[in-house]
Asker: 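Take this structure, written in structure tokens, and hold onto it; I'll ask about it next.
First the proteins, then the strands, lettered A, B, ... as listed; each starts at 1.
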Protein chains: 2
Amino acid sequence: MKNDASVTENTTVGRPAKFRPPNINQVRVGGFFGPRIDQIAGKTARALFDRCIDAGMLDQIDPERPSPGIRIAPHSSHLGVTPQMFWDSDFAKSIEAAAYALYRRADPELEARVDEVVDAFGRLQAEDGYLNSWFQRFEPEKRWTNLREKHELYNAGHLIEAAVAYFHATGKRKLLDIMCRYADHIARRFGPGADQSHGYPGHPELELALVKLARATGRQDYLDLAKFFVDARGTEPNFFDEEARQRGEKPEDFAFGTLEYCQAHKPVREQREVVGHAVRAAYLYAGMADVATEFADDSLDPALEALWAHLTERNLYATGGFGPSALNEGLTFDYDLPNQTAYAETCASVALVFWASRMLGRRPDARFADVMERTLYNGALSGISLDGGRFFYDNPLESRGTHHRWHWHRCPCCPPNISRLIASIGTYLFGVADSEIAVHLYCAAEAGLSVAGTDVALRVETEYPVDGHVRIRVDPAAPARFTVALRIPGWAAGHSATVNGEAVARPAERGYLRIERQWQAGDEVELDLVMEPHFLYANPAVACDQGRMALMRGPLLYCLEEADNAPMLNSCILRDDTTCRTTDIEGLPGIVGLELEGLRETGGQQPLYGLTPPRREPALLRAVPYYAWDNRAPGEMLVWIRREG
Amino acid sequence: MKNDASVTENTTVGRPAKFRPPNINQVRVGGFFGPRIDQIAGKTARALFDRCIDAGMLDQIDPERPSPGIRIAPHSSHLGVTPQMFWDSDFAKSIEAAAYALYRRADPELEARVDEVVDAFGRLQAEDGYLNSWFQRFEPEKRWTNLREKHELYNAGHLIEAAVAYFHATGKRKLLDIMCRYADHIARRFGPGADQSHGYPGHPELELALVKLARATGRQDYLDLAKFFVDARGTEPNFFDEEARQRGEKPEDFAFGTLEYCQAHKPVREQREVVGHAVRAAYLYAGMADVATEFADDSLDPALEALWAHLTERNLYATGGFGPSALNEGLTFDYDLPNQTAYAETCASVALVFWASRMLGRRPDARFADVMERTLYNGALSGISLDGGRFFYDNPLESRGTHHRWHWHRCPCCPPNISRLIASIGTYLFGVADSEIAVHLYCAAEAGLSVAGTDVALRVETEYPVDGHVRIRVDPAAPARFTVALRIPGWAAGHSATVNGEAVARPAERGYLRIERQWQAGDEVELDLVMEPHFLYANPAVACDQGRMALMRGPLLYCLEEADNAPMLNSCILRDDTTCRTTDIEGLPGIVGLELEGLRETGGQQPLYGLTPPRREPALLRAVPYYAWDNRAPGEMLVWIRREG
């Protein structure tokens, strides 16, 4: 059989490519993520639903139930739960996770419960389409008076995402129709028209949700509205300042300081640095990237590229987490990446996966996919326990043993966010353009895609990230010419690829091996990625990481845990040439641990501060993937390990 | 002339020694602290006074002025100033600092202003002696209903200290009489009697203040009251819990968690670990030590010794600061000594100087004096700028350049606290017992003391801590036999001493060279302490300090500042055998800097996380005393410097 595999220049030159993710019902995931999705389907999705209802969210939504009232008790912020203006979004994300769960496996009881909530939203929705449980139940007179802080448009976005997910997963239109009516309401109210409000979300999110809604419904006006929100943001006169004055407030009294907090300090096309609240930032940039893709809008590129560089070259943890400060849940100053106090909110990592995936909308580029993968497997996945029952809100890179997972959180944004990401991970594996399928992430999966006018079944077989061997069977319904772009991860020390057993010799292009050929049923691609443990060294400007190194294998960042190494992890030292081998880890079945021949300082009987340096002895150290930490006995954890020298 | 210098066993065996500090008017300080005291007398004391009055404190005190009311505005905790229930204490500490200033140099205008405030307190004082501006102006019905949180007894203590200071400094009795009336009121209300309240201060301080008042007035009942407060604390049934129930509150709803916060979780004699709010803790232990001294109460020793060991062996920064956490302004868990986020409140260091000085009440013991000195010269002195105009509230051991001195603080406890300590430092240099003078700290000074029934003039000449040479002239009014105990600091690599030129050969006893002899006018003691820069290494349990070392010379801890070393201080590396010499430092005249031949890592152009370790080059590093940092251009600071190896 003739090998016609070849790598070509981008075939979409002159006609902007629009790589879009498949829908949830186009991909069936196995391998590494399969059991995690099963867990969410079988356990987490129900638990999230239970906790939303226990918190009183359905009472807030359902107009037939007594309103829970606004209980503002002393210390309510430390104890218990009070109604929150962002509850619609938390419930929405839980519905979205449930939707993906229902696609994964039928669960008539869970589906009935979702339908019950959908019905309540239906009853709540105003005649004019408006829908917000906080404002409709508590502050009906204050609708649309404080976009800067009150999460109205943000809640709408999450409900739209939930509606699209539920529609794709179950085929049921009711929530989708409700949200289209609300989106229509918003589209009437907000826009460039002289009779319209020129406002935009204080907490971005609706932008990317409207793009999802447009893709699900084919409605151009939703895309236009997303673009309006992107274009209007931060323009003069500043909407949030004007709106504050209309409320009788001074703009400078904004509780969160400046408008950098919500990325409304200047027009988005003039923004060059990632600032403010981390989740807001990444959701906004994701929406910008979506708009750039859908409108082939190159004018957003300089901002998106500069923002990407600013984040990834100066402000990203090795986990893919970002936003070091709890004070603003966000950015501080360049290279400020403290480990023990890292906020690095799970939601920010989830949002960065969203942003990175959308930066792939114009073309395959491993710069974006590498960060997406790093963030997914480390700073995002760490947000949920291996048993799917507990969660991290903040994700430090070092712990003295006092940081542990929550069952729930007063601000319960992270648990459903990481759950919906994992449960929908199939939609992140591939990007599909008119004549190209990009494989961004490697995970065993079966996908039914449509490219070059042909249905293509893709079957990926791999143990990744246990090893770097990947086999992809490409089955077009009829022979067709298109490109399959295989990502070569930045961490790979080498790679080799074959199509039907014949080597692909061409170099990778922006980190992707782009194989254009006439594909036929039964074609098989094999990819081998050299996956060896290796060390990372941080730029000297990252104060906390100096004299230290971090350990990676494939996409996984590793850490030391007290459970495997006894306490005082900062007495552990590695050499640059430390021998490292894979090993099983007690209590973490199926997880690839690493064993290292390091050193350990001793001197427990020393005074608090002595005149002599500690002694060193050889010591066998064991490292586990960062995402798997704090799943055994509580204890210390350390990512950046001291380096001899 | 015959040398009859000799070192004897403690002459007070069988008759407990009571080492008490001299009064402010018994010591005239020069040398290192002289100019600092002049600065407080000439500038800081007035500024503190101005800021107290600007904040509205006098409006709160003076019943002839309109009450400022309790303004509780949104975000009042971030902006501006609102009346505080602890304001009496802040103003009291400012009066105390002013009193020492007035002793230092006449200032009729400042004295008149103090008198104005004293008059206002006089007008405010109730018929029954009660005196508290918060309760009398705002919550008169709530007197004595919440000792746990409302600072009533704490405020009384600080006003008593101010009264004693003002009396000693100026001879004026008015404030002293006011505070005796209030103390009498308190003594009627609180005590062991069946008709008395068994309460005690939520924020300890009054205990040590009552001992001061007793010493100034000769009143045994004030000592008895101090002892009652010490004895009653933490006994069952717990007073604070009972009191909370009487207010209709659940004890477990205490905003600060458990009663460990205020060291009332168990009787003080059963306490073994320093817990809770750092300042509360050290003030309490200081009061306990005072009671142990005045009552020769050995039953407090096991607790005091264990608490001292727990603090100094597990929970003390190298600066003498303690209490790492901003959340409870206090302790967390053993060896938790993070550098960048160290709270290490200035007030806690000041309080530790108080405690340490009072641990010297039974006998000279360098364990206590070494910590007193370390804390004074480092973690306390850092709390005030070299120009006496700005203040640190928290004192981290590492800064990325974002930590700077305040002009004032919403909770303005630290500025007057460090000011009153420095302005009264003369009272900490010596401890005077019946037949012994202990020299705890070395600073040029002239003292008029009374020992062995004789007036003794002591003249200390030294440049300490610039060098370790000390000359002390001992001039008894008539020849007399007594002991002069000279502290040999723990940091001294060696020492030698002479009396009238003849060597003192006996070894130090508990870190003091105790010279008992018949002293005559003109006797001269010389002491030479070997003062070489040296490195400290932290116990392996102190996570943040591993792979690092700190630099000391004499009592001074050093640090690197960006001003001398360019940014990225964590790229600086020292060897154990690094050459180190003294040097002048630009912008810090008169301060001994240190110059070190170290290494520096380069690689500013590296990616955020790269695969190769940074290169190293020789580099000359300059270190300055920790107390002197942040007095030039803002920038990074680092105490614990990376160590090669």
Side-chain angles (χ1 to χ4, degrees), chain A residues 74-75 78-79 253 255 312-316 318 332-333 335-338 340-341 398 400-402 534-550 567-571 573 576 600-614 616 636 638 642-645, chain B residues 74-75 78-79 253 255 312-316 318 332-333 335-338 340-341 398 400-402 534-550 567-571 573 576 600-614 616 636 638 642-645:
Chain A
H75 310 301
H78 297 298
L79 312 166
D253 287 347
T312 58
E313 294 171 13
R314 295 174 181 231
N315 291 290
L316 192 66
T332 52
F333 53 93
Y335 300 108
D336 183 34
L337 295 162
Q340 212 178 322
T341 60
E398 176 175 1
R400 299 288 310 279
T402 54
H534 63 275
F535 293 121
L536 292 184
Y537 304 87
N539 185 292
V542 185
C544 286
D545 298 345
Q546 298 312 300
R548 293 171 181 270
M549 51 204 207
M568 291 197 252
L569 297 179
N570 265 320
S571 67
I573 300 167
D576 292 333
R600 196 101 192 215
E601 285 178 347
T602 59
Q605 299 309 309
Q606 272 183 217
L608 189 52
Y609 305 109
L611 298 175
T612 51
R616 293 181 180 179
E636 292 181 32
L638 183 68
R642 286 175 54 201
R643 171 184 173 234
E644 184 179 54
Chain B
H75 309 301
H78 298 298
L79 311 168
D253 287 347
T312 58
E313 294 171 13
R314 296 174 181 230
N315 291 289
L316 192 66
T332 52
F333 52 93
Y335 300 108
D336 183 34
L337 295 162
Q340 210 177 323
T341 59
E398 175 174 1
R400 299 288 310 277
T402 52
H534 62 275
F535 294 120
L536 291 185
Y537 304 87
N539 185 292
V542 185
C544 285
D545 298 345
Q546 297 313 298
R548 295 172 181 268
M549 51 204 207
M568 290 198 255
L569 297 178
N570 265 321
S571 67
I573 299 166
D576 293 333
R600 196 101 191 213
E601 283 178 348
T602 59
Q605 300 309 311
Q606 272 182 217
L608 188 52
Y609 305 109
L611 298 175
T612 51
R616 293 180 181 181
E636 291 181 32
L638 183 67
R642 286 174 55 200
R643 171 184 173 234
E644 183 178 53

Asker: Quick one: of Val542(B), Thr312(B), Thr341(B), Leu316(B), who has the most non-hydrogen atom pairs under 4.5 Å with chain A?
Answerer: Leu316(B)
Asker: Give, as side chain, backbone, both or neither, the part of Thr402(A) having an atom under 4.5 angstrom from any heavy atom of chain B.
Answerer: side chain
Asker: How close do Ala541(B) and Arg400(A) get, counting heavy atoms only, and between which atoms?
Answerer: O-NH2, 3.6 Å
Asker: Roughly how far apart are Gln546(B) CD and Leu569(A) CG, rounded to 0.5 Å?
Answerer: 11.0 Å
Asker: Do you know which of Pro614(B), Pro567(B), Ala543(B) has the most heavy-atom pairs with chain A at a distance under 4.5 angstrom?
Answerer: Ala543(B)
Asker: Below 4.5 Å, heavy atoms only, C-beta onward: do Gln340(B) and Cys544(A) meet side chain to side chain?
Answerer: yes
Asker: Would you mind reporting whether Tyr335(B) and Met568(A) have side-chain heavy atoms less than 4.5 Å apart?
Answerer: no
Asker: Under a 4.5 Å cutoff for heavy-atom pairs, which residue among Arg643(A), Glu398(A), Glu636(A), Arg548(A) has the most contacts with chain B?
Answerer: Arg643(A)
Asker: Determine the minimum heavy-atom distance between Asp576(B) and Pro613(A), stating which atoms define it.
Answerer: OD2-CG, 3.7 Å
Asker: Is there a side-chain contact between Leu608(B) and Leu337(A) in this structure, where contact means two heavy atoms from C-beta onward sitting under 4.5 Å apart?
Answerer: yes
Asker: Examine whether an atom of Arg616(B) lies under 4.5 Å from a heavy atom of chain A, and if so say whether it belongs to the side chain, the backbone or both; otherwise answer neither.
Answerer: side chain
Asker: What option among Glu313(B), Glu601(B), Arg642(B) has the most heavy-atom pairs under 4.5 Å with chain A?
Answerer: Arg642(B)
Asker: Quick one: what part of Arg314(A) sits under 4.5 Å from any heavy atom of chain B, side chain, backbone, both or neither?
Answerer: backbone
Asker: To the nearest 0.5 Å, how far apart are CG in Asp545(B) and OH in Tyr609(A)?
Answerer: 5.5 Å
